[in-house]
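One structure is given below, encoded as structure tokens.
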Number of protein chains: 2
Amino acid sequence: MAWTRDNSKRLARRSTIKDVARESGVDVSTVSRSLNHKGYVNPETRMRILAAAERLNYMPNRLARGLVTGDSHTLGLIISDIRNPFFAEMARGVEDSANHAGFDLVLCNSDLHPEKQRRYIKSLASRGIDGIIVNWAASLQPPEEDVLMSYGIPIVLLNSPTGVRKLSTVSMDNLQGGFLAGSYLLKLGHRRLALLTGPEDQARVAERQKGFLRSIESSGDKPSALILHGDQSFLGGYRMAWKLISDHPEVSAVFTHNDVMAFGALKAFAEAGRRVPDEISVVGFDNVEISQMIQPALTTINQPKYEIGAAAVELLLMLKTTPNLAAPIHRVFGVSLVERQSAMRFTQSFPTQRLEPRP
Amino acid sequence: MAWTRDNSKRLARRSTIKDVARESGVDVSTVSRSLNHKGYVNPETRMRILAAAERLNYMPNRLARGLVTGDSHTLGLIISDIRNPFFAEMARGVEDSANHAGFDLVLCNSDLHPEKQRRYIKSLASRGIDGIIVNWAASLQPPEEDVLMSYGIPIVLLNSPTGVRKLSTVSMDNLQGGFLAGSYLLKLGHRRLALLTGPEDQARVAERQKGFLRSIESSGDKPSALILHGDQSFLGGYRMAWKLISDHPEVSAVFTHNDVMAFGALKAFAEAGRRVPDEISVVGFDNVEISQMIQPALTTINQPKYEIGAAAVELLLMLKTTPNLAAPIHRVFGVSLVERQSAMRFTQSFPTQRLEPRP
DNA sequence: CTGAAAGCGCTTACAG
DNA sequence: CTGAAAGCGCTTACAG
């Protein structure tokens, strides 16, 4: 009955350190010391205090604690869009690591808008955030870097933009990824290749392209590589693939800047009746979870997304404890090719074979 | 030069309300009033204060403010796993709404572990969170509901578990979804149907199944419906589809509890050489983004994921302003069937036709 | 219209 | 080993 009454009073005041102090007959400072294992406190009184805290269902107010200690045990993650499976996977790595270290994670979707990004950073700063992980829009200018640093908050950048010099970063070896994809296709005997990619002013785009081209150049017999720039999306991949189908029927293998573009290309090829991989090979980039679920399963470049996220918080926490780093730290993860069913050895183009059977 | 020096001193102290007060020659209380548009303050001194704040690049410390006002302008979202595209989409709706209303969002992945869930809730409570959105593991028992309510924090439940009575919820019409899927398949002329689904003790599973069965029952000519329970995953769908292939070759249409299971089924059918939709129709549930990218594009039940997320924060904010609600609010969103290419009109099974051509 | 005071819930030197 | 005091950065009645 009393229980029911209690319940009716919706916003029951939460018990504070004062309540615990009163309940156990000591000063709040003693309670604080007991709960935080700081300074000496008689084991017996300590037990008494802990019991009282338990009884009152006491939870320390982290805002109050943060106000005096100066850290809020909260990390911020600013990404373009959590709906992008790449970021979702990374975000999970971030959250797991953060949580494990006792930090909360506040999630911010910037859509890569510089203004929105700035707003988020300000907002995070004003809540006394302990560190921020951000995948910065386009390339970061030195003055912007200074602004970021002026907050005095540890920051780590994802997918290090080009030209960063003072901020720490964690990224993957995009160059190597492009090179792996190209080499693989070459090894399969393809000589007419195409790259479907995004705008070149993005560091990632430029690097993957560079790696891809490097593999072509290091091949003895001068294979050709066509490069199409467009939208880094499903639709972008779809459109560029159609362009390929109509204008460049000779290409037998395509590498896309990411998996989603590969999905778009796959759709176009299916519509055009060009069978993958028999008639045309496709290699993606990211190894998004879905890439193994589709038909044919996508051969792609794997990036350790989860690990990258986890590493970013590790770095952040390190930065926090050693704020006067001589130089920023850059950590880059290796990538690898995962072979599935969307690419195969080059053979003479099918239509020709079918139309002109040799007797 | 002086600039360079300043920069070297990494953790520059952020300016506080005191600095602004000193700089503009007034008391902190006046600064506070000016900045918050509360109480009267002479327009001229106000301008002076604003200018000073601007000059010092003043950002109010939200921890301090939260400590006195009692709210932290932060919302919590507890879901099983952000890597699930369904939750990613919803989370985006939540974050956008929260951000729009001036709230930060802290993201928590519970993996549906009750213990982890409880820890998150405690942690959020101790940071003075303003509200929590959570998709509760399994069904919520009344005593647990009381515990949740005892925190005095507005809470809204996602995918309302069965038996919830005091907490507000937002969910979708799972029954209707199941019904739609079944009716559609029936309308296409299929009479041997199968449902590939998860463990029945989950509310969602039970409801979709119930809706599906209801459509079957309301059909005059007693079609058959086979129900397979298994893992609600790609692999689960894959395995159950194989079981179907070997044990029940007569079924011509399958409905899966979610899209990912449908992807698994699609893979199994491809491997078994059963063409979709010509030889077997498939309908999923969720309308995950990828479902339109695969081949064949998946016919599925759409849920307004983003809107559900947005509605959840709306509800939360409402709950916050009117804490003494007489009864909890339940909001349920409608679903709809989106017709794509994975299902088609029933025809005689192909093998028979092919093997016994009629003269 | 403005300032002085009290207080939010904690922690941290500092006496004792 | 423990308590009294000061203070973190703000807001909010309350005088004046």
Side-chain angles (χ1 to χ4, degrees), chain A residues 11-50 52-53 56-74 123 125-130 151-152, chain B residues 11-50 52-53 56-74 123 125-130 151-152:
Chain A
L11 293 169
R13 193 178 66 87
R14 221 168 290 148
S15 45
T16 72
I17 198 171
K18 264 187 201 161
D19 299 317
V20 179
R22 194 181 314 117
E23 179 87 2
S24 45
V26 298
D27 187 82
V28 291
S29 56
T30 308
V31 174
S32 175
R33 261 179 264 120
S34 301
L35 262 28
N36 299 319
H37 302 88
K38 274 185 182 171
Y40 294 100
V41 33
N42 184 308
E44 282 186 20
T45 58
R46 179 152 197 280
M47 293 313 292
R48 204 151 34 99
I49 291 170
L50 259 34
L56 296 175
N57 194 21
Y58 170 69
M59 291 181 296
N61 180 326
R62 289 166 63 191
L63 292 187
R65 175 181 291 176
L67 187 57
V68 16
T69 63
D71 45 35
S72 59
H73 272 232
T74 309
S123 162
S126 79
R127 65 148 54 247
I129 205 102
D130 292 309
Y151 286 108
Chain B
L11 291 169
R13 193 176 66 84
R14 220 166 293 148
S15 47
T16 72
I17 198 171
K18 265 187 201 161
D19 300 316
V20 179
R22 195 181 314 116
E23 179 85 4
S24 45
V26 298
D27 187 81
V28 293
S29 57
T30 309
V31 175
S32 176
R33 261 179 264 121
S34 301
L35 263 28
N36 298 319
H37 302 87
K38 273 185 183 169
Y40 294 101
V41 34
N42 184 308
E44 282 185 21
T45 58
R46 180 152 195 280
M47 294 313 291
R48 202 152 32 99
I49 291 170
L50 258 34
L56 296 175
N57 194 21
Y58 171 69
M59 290 180 297
N61 181 324
R62 289 166 62 191
L63 292 187
R65 175 180 291 176
L67 187 56
V68 17
T69 63
D71 45 34
S72 60
H73 271 232
T74 308
S123 162
S126 79
R127 66 149 52 247
I129 205 100
D130 293 310
Y151 286 108

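Residue numbers start from 1 in every chain, and the chains themselves are labelled A, B, ... in the order their sequence lines are given, proteins ahead of strands. Since the model is a prediction, treat every value here as computed from it, not as a measurement.
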Q | Qualifying salt bridge (Lys or Arg N to Asp or Glu O under 4.0 Å) pairs, either residue in residues 57-66 of chain A, two or more places apart | A |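 Salt bridge (Lys or Arg N to Asp or Glu O under 4.0 Å) check on residues 57-66 of chain A returns A:Arg62-A:Asp104.
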What residues form a side chain to side chain donor-acceptor pair (under 3.5 Å) with [X], not counting sequence neighbours?
X       : value
A:Asp71 : A:Thr69, A:Lys320
A:Ser32 : A:Asn36
A:Arg22 : A:Asp19

Q) Between B:Ser34 and B:Ile49, what is the shortest heavy-atom contact and its length? A)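 Between these two residues, the closest heavy atoms are OG-CD1, 3.3 Å.
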Quick tally for nucleotides 5-16 of chain C: nucleotides whose base has a protein heavy atom under 4.0 Å get B, sugar-phosphate-only ones S, the rest -, giving ---BBBBB----
For DNA chain C, the dot-bracket notation using Watson-Crick and G-U wobble pairs below 3.5 Å, [ ] for pseudoknot-type crossings and | for other-strand pairs, is |||.||||||||.|||
- request: Drop me the distance from A:Leu56's CG to A:Glu23's CD, to the nearest 0.5 angstrom.
  value: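 Here the rounded value is 4.5 Å.
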Q.
Under 3.5 Å, is there a donor on one side chain and an acceptor on the other for A:Arg127 and B:Thr74?
A.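 Yes, a side-chain donor-acceptor pair sits under 3.5 Å.
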